[in-house]
Protein chains: 2
Amino acid sequence: MTIKAKPKTSTNEGLNEADFLARYDANAFEHPSVAVDVALVTVHEDQLRVLLLQRDSHPYKGAWALPGGFVGMKESLDSAAARVLREKARIQKAFVEQLYTFGAPARDPRTRVISVAYYALVEYQKLQQLAQKPSHCLATLVVPWQGEAGGPVKLQSALGQPLRTAFDHQEVLGVAVQRLRAKVDYAPLGFQLLPKAFTLLDLQRVHETILGRSLNKDSFRRRTLASGRLRATGVMEQAVGHRPAEHYQYVPGITPAQ
Amino acid sequence: MTIKAKPKTSTNEGLNEADFLARYDANAFEHPSVAVDVALVTVHEDQLRVLLLQRDSHPYKGAWALPGGFVGMKESLDSAAARVLREKARIQKAFVEQLYTFGAPARDPRTRVISVAYYALVEYQKLQQLAQKPSHCLATLVVPWQGEAGGPVKLQSALGQPLRTAFDHQEVLGVAVQRLRAKVDYAPLGFQLLPKAFTLLDLQRVHETILGRSLNKDSFRRRTLASGRLRATGVMEQAVGHRPAEHYQYVPGITPAQ
DNA sequence: AAAATAGTGTCTATGAGACACTATAGT
DNA sequence: ACTATAGTGTCTCATAGACACTATTTT
């Protein structure tokens with residue numbers, strides 16, 4: 001970017017770089033706050049779920065919000081997102097990706113807060129433990145649009161009650177669903193939402209939940225197996241009331257595009 | 001996000017929202033600067049080109065950088081990007097989209113600057129006028145990777161000389177190319193880089209330049225015409241030394257995905 | 001006429017969808 | 001035996017690539 005530096009003295013011509021930097025005053029302008037918000041997404045019972053925390057202070061007191069936090073002055077954005085995951089959800093390892101940056105001037109009534117949104121894919125079991133606390137909830141995402149149209153989503157409690165959400169987090173989650181739908185066909189996202197071993201039907205149901213539409217079974221099997229990312233374990237499902245399916249594992253293999 | 005508000009008094013229990021907001025002190029923490037950087041991209045002579053400005057002050061004095069500017073306290077990110085386009089390139093209308101947010105702690109040696117990167121697609125003629133000034137340049141993007149692998153790109157002057165670039169702008173442009181390659185197949189990007197009327201071969205060359213590989217002519221024609229986004233004008237090319245091609249125009253029509 | 005590209009028609013290879021069929025568990 | 005799902009084989013249809021051919025302009 002082109003600087004409009006405002007050094008402490010107005011006679012900054014002819015300085016070398018070291019002198020310039022020493023005189024540079026970062027506080028000459030008022031700055032916005034910068035936060036990260038992380039959508040911890042999982043799939044359960046053919047529904048997209050996301051971890052929300054109930055706010056215990058103003059603004060939006062009592063409303064449900066994505067876990068987040070301000071970005072430290074010496075912390076990268078990715079580190080800040082990882083810290084939020086660690087501190088708010090005790091999660092060390094997960095698929096995490098930057099989503100979009102939200103910066104409407106009035107999105108936070110306190111002051112100007114620019115939020116860099118991330119999303120993370122987590123196996124249901126891990127999130128379910130967290131959501132036991134009364135201030136936590138694993139909300140169901142209700143997507144009121146088809147395909148990759150985009151737009152805000154609605155949130156429901158486990159009992160199907162609509163949840164009051166804070167800030168612009170319905171828009172954030174809308175963009176998260178949009179991204180998931182766009183990437184699930186070619187990137188190994190589905191595996192992140194399942195235990196290490198899973199059946200092909202498990203994986204298909206995850207894809208169907210993300211996409212919001214049913215998929216052709218035969219075609220899904222062929223494509224998925226042809227991708228070379230799955231390894232058969234030889235282990236079968238147990239006690240399922242029908243012919244048991246084989247368990248597969250994800251093989252990272254040659255790095256796929258992104 | 002979950003707030004860690006630090007009101008001016010420590011006894012903030014039991015306040016209503018209005019009182020809380022009145023007492024909220026946004027300056028309790030040190031804040032990073034937030035900037036937008038805009039990659040003004042076009043295609044000319046089968047090469048991707050981008051507008052760069054030569055920096056006249058430290059840091060990176062003399063190096064080439066994307067046009068950018070700090071985000072005002074009452075300005076949305078999109079507005080800031082539009083303002084940069086207007087002030088730095090005199091461009092009012094263009095396809096503009098947020099790209100990614102870069103926030104490595106040391107990406108700017110002055111102070112912590114978080115940069116929300118945008119890219120814009122502009123017809124070559126418009127950019128060429130700007131690049132006449134000695135402090136401006138329409139650099140060629142050299143992409144050292146295939147497909148959507150990603151990574152930083154290199155920049156060359158019109159004479160093929162490598163250009164010294166400022167900050168992390170090679171990475172920013174790498175992400176821009178990645179985004180372009182991912183979207184050009186299904187979103188109407190190519191039209192943005194051409195005059196109102198163009199031939200199918202013109203459009204194919206733009207797609208080939210973005211993708212960095214050649215495309216099948218027959219298939220490209222079929223797909224493009226079948227998309228229903230092109231309208232034949234009945235006007236033919238003039239004085240081309242071979243059978244003249246018909247000019248087409250882009251028809252916005254029903255809003256495509258994104 | 002030669003050169004160069006526009007534009008059309010058709011064949012083939014590939015992949016998705018559809019459907020039928022067999023296999024194997026629990027009840 | 002019945003039910004439910006796993007897994008395989010095959011047919012069809014749509015689309016991309018390849019190639020041949022005709023059309024139309026300038027030189």
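Not measured: the values here are computed from a predicted model.
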Integer-rounded Å distance: D:dT26 P and B:Q238 CD | 8 Å
Enclosure of A:Q146 CD (heavy-atom neighbours >12, cutoff 6.0 Å) = no
Close residues, residues 195-211 of chain A, relative to DNA chain D [heavy-atom separation under 4.0 Å] | A:L201
For A:R179, check salt bridge (charged side-chain N to carboxylate O under 4.0 Å, His left out) against everything at least two apart and list the hits.
-> A:E97
Does CZ belonging to B:R86 count more than 12 external heavy atoms closer than 6.0 Å?
-> yes
Report the distance from atom CE of B:M236 to atom P of D:dT24, rounded to the nearest whole Å.
-> 10 Å
Do other residues, nucleotides or ligands put more than 12 heavy atoms under 6.0 Å from the CZ atom of B:R213?
-> no
So, does A:R181 use its side chain to make a donor-acceptor pair with the main chain of A:G147 at under 3.5 Å?
-> yes
For DNA chain C, whose closest nucleotide is more 5', that of A:D218 or that of A:P244?
-> A:D218
Taking N and O atoms by type only, does the side chain of B:R222 place a donor or acceptor under 3.5 Å from a partner on the base of D:dG17?
-> yes
First-last contacting nucleotides on DNA chain C - partner chain A, under 4.0 angstrom, heavy atom | C:dA16 to C:dG26
Is there a donor-acceptor pair closer than 3.5 Å between any side-chain N or O of A:T42 and the backbone N or O of A:V122?
-> yes
Answer yes or no: is there a donor N or O on one side and an acceptor on the other, between the side chain of B:S227 and the main chain of B:T224, under 3.5 Å?
-> yes
Rounded off to whole Å, could you give me the CG-to-C1' distance for the B:D185 and D:dA16 pair?
-> 12 Å
Is the backbone N or O of A:G68 less than 3.5 Å from a side-chain atom of A:K88, with the two atoms forming a donor-acceptor pair by type?
-> yes
Residue closer to the 5' end of DNA chain C, A:G241 versus A:K217 (nearest nucleotide) = A:K217
Using a 4.0 Å heavy-atom cut-off across all strands, classify A:E246 as base, sugar-phosphate, or nothing.
-> sugar-phosphate
